[in-house]
Number of protein chains: 2
Amino acid sequence: MTPLPSHRDIPAATVTRLPVYLRALHAVATRGVTRVSSEELAIDAGVRSTQLRKDLSHLGSHGVRGVGYDVGRLTAELTSALGLNRAWPVAIVGMGNLGRALAAYGGFATEGFHVVALLDRDHAIVGERIGELTVTAMSRLPGLVRELGIAIGVIATPAASAQLAADALVSAGVEAILTFAPVALTLPERVSTRSVDLATELHVLAFLAQHDRLAADVGSPG
Amino acid sequence: MTPLPSHRDIPAATVTRLPVYLRALHAVATRGVTRVSSEELAIDAGVRSTQLRKDLSHLGSHGVRGVGYDVGRLTAELTSALGLNRAWPVAIVGMGNLGRALAAYGGFATEGFHVVALLDRDHAIVGERIGELTVTAMSRLPGLVRELGIAIGVIATPAASAQLAADALVSAGVEAILTFAPVALTLPERVSTRSVDLATELHVLAFLAQHDRLAADVGSPG
DNA sequence: GGCACTTTGTGCATTCCTTCACAAACGCCT
DNA sequence: AGGCGTTTGTGAAGGAATGCACAAAGTGCC
């Protein structure tokens, strides 16, 4: 009773790797290659080939035994699985340093993600022009989400305002949130969240660097 | 023969949560609280209390049964475990939009991380002043790393230059790398890496949003 | 001082993820 | 057409992380 291979029940760990595979495929395609083995693609993606194959198996079989994967076909398959064959209008809340940088950052524009709304709580910033957009007040968020079909919100506010921004996005009808604020957000189950936190990443690196340094003092080289 | 509780053998998943606990502790301390239970702290950190306790147990016992944790003492313990009671000079490679934003971003300055060097391969940018620093040429990297004691490098270059930047950082003697470039880096074992990738995060959210949307069409609300 | 209450620290079960090992399936060469 | 080499897809094993349940250890009241 499943017309499509069914995108449900794909392990979370696999989902986070699918974008990596897609990028590896683009790199391969740029080299003019039209067929690729799981081994080659895995190297580009920085994973083991068996992991790549198992991950792809969750989307259904699209390789040919003894040959490999058709680059174009697999690209289409991943693009479809990730939902990237449609436009994803994005709203950014919080127009400080980070928000401005994100609005200007080209990385968002690739593959269907278009920043279509910039918002800030501070009325001193509202009305300011940033790139091709004008900063609007938070009160206009629900209307914008409805009119422009915004499904993804980005939180670039200070930590203290993040929960407020999240609540506003959720009640406006956004389905997924990417937050840069270093706080745990309380959200309804149905809203997906991803968190990017520079300070945390640096902390982890500090731990690892110190750790390896200690290990080097104790253990023998080699 | 271990004078300290030994910071080795801490699960990777735990390490990534330690910074979150530290931040939760700061939030608690700001409220003027001096003692906190694992339950309260876990809520602030967005995890289960049992997970918090198990994570902390890897650092040794620092709570008091029946009472909870001393905020100051636990903060000190985590700070020490993460290696944050010393300065961490940081170099940023790649002074495009992202690199400039990172150089200006205050989040780096907190807790010992100081951006002390900005580098770019492009000689047209070298010499330019950004904030309090001047962009220097890649050739000066080894000297800077040695003189300033730089242990952490940040890669903010385009994907195509990322491996080059990584090689330069590694041979200059950097111990850990935070990269924003969406490519798998090939690095020696001893160098720690963390990757932050905005496009990947958006892709994952697109997948989840589409997925939930499909599920909502099929399943019943409740 | 002893008892009731609270909260930590942890062995154990469970679930999730990764890796291994190998059969199934394909192209190619003769 | 048949056999050989290659590569996929996957069951099963192994390992890691999470959550449960409870004993151990402390405080405070009577």
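Below, read A as the first sequence line, B as the second, and so on, with proteins coming before strands; counting in each chain starts at 1.
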- Query: Between dT8(D), dG19(D), dT18(C), which nucleotide has the shortest distance from any of its atoms to the side chain of Arg53(A)?
  - Reply: dT8(D)
- Below 4.0 angstrom from OP1 or OP2 of dT18(D), is there any side-chain N or O of Arg17(B)? yes
- Thr30(B) (side chain) donor-acceptor with His26(B) (main chain) under 3.5 angstrom: yes
- Mapping Lys54(A) and Gly68(A) to their closest nucleotides on DNA chain D, which lands nearer the 5' end? Gly68(A)
- Item | Under 4.0 angstrom between Ser38(B) side-chain N/O and dT8(C) OP1 or OP2 | yes
- Of Val64(B) and Ser37(A), the one whose nearest nucleotide on DNA chain D sits closer to the 5' end is Ser37(A)
- Residue-phosphate contact under 4.0 Å: Tyr69(A) side-chain N/O, dC26(C) OP1/OP2: no
- Is a side-chain N or O of Ser161(B) found less than 3.5 angstrom from the main chain of Thr157(B), in a donor-acceptor match? no
- Sugar-phosphate, base or nothing in reach of Arg35(A), heavy atoms under 4.0 Å: nothing
- Message: I want to verify a distance call: between dG19(D), dT8(D), dG9(C), whose nearest atom is closest to the Arg48(B) side chain?
- Response: dG19(D)
- Do the side chain of Glu201(B) and the main chain of Val196(A) share a donor and acceptor less than 3.5 angstrom apart? no
- Under 3.5 Å donor-acceptor, Ser80(A) side chain and Ala76(A) backbone: no
- Shortest side-chain distance from Arg65(A), nucleotide among dT8(D), dA25(D), dC20(C): dT8(D)
